[in-house]
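Report on the structure given below.
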Amino acid sequence: MTSARTVASPAAGRARSIVAALAVTQTVGYGTLYYAFAVFLTPLAADLHTSTTAITGTFTASVLASAVAAVPVGRWLDRHGGRALMTGGSLLGAVLLVAWSQVDSLWQLYAVQIGLGVAGAASLYEAAFAVIIAWHTPARRSAALLALTVVAGFASTIFLPLTGWLVDRHGWRTALLVLAVIQAVMTIPLHAAVIRAAPRHPANHTVAPPIRLRAVLTDRGFWLLAVAFTAHTAAIAVVTVHLVTALIGWGHRTTFAATAAGLFGVLSVTGRLVTTGLHRRYRLSRVVAGIFVVQGLAAAALPVAGRNPVAAITAVIGIGLGFGVGSIAKPILLADRYDTRRYATIASLLVVPMTIAKATAPLAAATLHTSSGSYAGVFTATATACIIAAIALLALQFSIGKAGRAS
């Protein structure tokens, strides 16, 4: 007689291979399609004879394009899986990196960045999470998501200095061509060769029809999740964009400010490890809410303590511990609450407001800073957003809606 373990072994091996492959492709994809932009900002502005503000606008357009693509991408993932979509998205990303290396005007850069937003929606975290959720039972999801996000959390650590070196040695156009080759070689074959349709896990599937989106949208818990992760995304976006400038304004050297901001990469990985460890003993919504509260207190303290180097670093650590928590908590909370057969579509409904917040919150913060002449209001608003996110998650555990489960 063939044991259940023997039957499950090929699927388990495939699942591990998928996680390993996605860890590589997400690290490369985020490095080439997302983080590298910051290095190209100044040389692009100089060569295209425009301002860095105008160049930054193209990146905002890219982020908004990914929000527009989120829902159709989610529907595709639920119906067809991730293999073709993620392969195509990776290919599109490589082609557009080549096109980016040839731009001569601002409108061409806008076109390329909008396309990169679509490529990212099809091939980065949200698509990867959907594949992992489909392949793993609830007992194994946290470990799989942690493995993926811990590795991919080093994308900025790897690709920011690599891209900077390429630009310094060979110029931004050649640097983009090199990144295009890395993107093509390291992501397209892995997505095409490794990702397959997921098996039907009894824990993930039932004989009942999939949950209707109307039931999700009338579930109070869904809106609590939307408030929590949209508010938190806004807070993270503001800190990412404004921390260095704020620290310099408080009297620190540029090197100190950049080094402090550079801690976020390591801290995001640390936060994910802490969250996963605490999740084994406590309800996830409580763990994440607690981390968001720590972030809020640290952000509120930063304008007061930010002139002292030790106090500033301490506040940065408090903020940074929650930097990567949302990316691992959101898919787990959604998958635990709702039918995973509609996971990607439901997740995409959350991605839209989160992405809009990511694109617009830094601009709102810049406006607040300009009008007030101080970063105190900016970081107070950031702290408020973190506390709102924490309250929404704490309320989630008391919400048993259409999904029939608290989180």
Side-chain angles (χ1 to χ4, degrees), residues 35 38 149-150 153-154 156-157 160-161 228-229 231-278 286-329 357-358 361-394:
Y35 289 115
T149 56
V150 163
F154 290 101
S156 61
T157 305
L160 284 176
F229 288 111
H232 188 253
T233 298
I236 293 299
V238 169
V239 173
T240 300
V241 173
H242 291 283
L243 177 64
V244 171
T245 304
L247 288 172
I248 293 172
W250 291 328
H252 297 289
R253 298 175 65 88
T254 302
T255 303
F256 174 87
T259 302
L263 293 173
F264 286 144
V266 174
L267 289 169
S268 67
V269 173
T270 304
R272 288 165 183 159
L273 292 169
V274 170
T275 301
T276 303
L278 291 175
R286 293 180 183 177
V287 172
V288 178
I291 292 174
F292 287 178
V293 168
V294 171
Q295 279 190 297
L297 294 175
L302 196 54
V304 179
R307 296 182 183 278
N308 179 279
V310 175
I313 291 295
T314 301
V316 167
I317 291 172
I319 296 171
L321 285 174
F323 245 63
V325 168
S327 62
I328 191 172
K358 183 178 181 180
L363 296 176
T367 302
L368 178 58
H369 173 253
T370 300
S371 63
S372 66
S374 168
Y375 270 109
V378 170
F379 283 95
T380 299
T382 300
T384 302
C386 290
I387 299 302
I388 289 172
I391 292 171
L393 286 180
L394 289 174

Review point. Which of these, I236, L243, V238, sits in a side chain to side chain contact (heavy atoms under 4.5 Å, CB included) with T240?
Key: I236
Review point. What's the shortest heavy-atom distance between A389 and A228, and which atoms?
Key: CB-O, 3.2 Å
**Study point:** Separation of L278 CG from L273 CG (nearest 0.5 Å)
**Key:** 11.0 Å
Check your understanding: Can you tell me if H242 uses its side chain to pair, donor with acceptor, with the backbone of F379 under 3.5 Å?
Key -> no
Review point. Looking only at heavy atoms, which two atoms of A383 and G296 are closest? And how far apart?
Key: CB-O, 3.1 Å
Review point. How far apart are the closest heavy atoms of N308 and H252, and which atoms are they?
Key: C-CE1, 4.1 Å
Exercise for review: Calculate, to the nearest 0.5 Å, the distance between atoms CD1 and OG1 belonging to I387 and T382 respectively.
Suggested key: 11.5 Å
Review point. Out of curiosity, F264 CZ to I317 CD1, how far, rounded to the nearest 0.5 Å?
Key: 10.0 Å
Anything under 3.5 Å between a donor and an acceptor, one on a side chain of residues 286-295, the other on a protein residue two or more places apart or in another chain? List them.
unit_1 : atom_1 : unit_2 : atom_2 : d
R286   : NE     : Q397   : OE1    : 2.6
R286   : NH2    : Q397   : OE1    : 3.1
Q295   : OE1    : H232   : NE2    : 2.6
Q295   : NE2    : I319   : O      : 2.7

Revision key, fill the gap. Closest non-hydrogen atoms of I248 and A257, given as atom of the first, atom of the second and distance, are CG1-CB, 3.9 Å
Check your understanding: Got a donor-acceptor contact below 3.5 angstrom from the R272 side chain to the T149 backbone?
Key -> yes
Check your understanding: Any side-chain heavy-atom pair from L302 and Y375 closer than 4.5 angstrom?
Key -> no
Review point. Are side-chain heavy atoms of F154 and V269 found at a separation under 4.5 Å?
Key: yes
Study note, to complete from the structure: Of all heavy-atom pairs linking P303 and A300, the shortest is CD-O, 3.3 Å
Study note, to complete from the structure: The reported gap from OG in S374 to CH2 in W250 (rounded to nearest 0.5 angstrom) is 8.0 Å
Practice item. First locate atom CG of L363, then atom CG of L368, and finally report the distance between them rounded to the nearest 0.5 Å. Key: 12.5 Å
Exercise for review: To the nearest 0.5 angstrom, please state how far the CZ atom of R253 sits from the CG atom of L247.
Suggested key: 14.0 Å
Practice item. Please examine the side chains of I313 and L263, heavy atoms only from C-beta on, and report whether any two atoms are closer than 4.5 Å. Key: yes
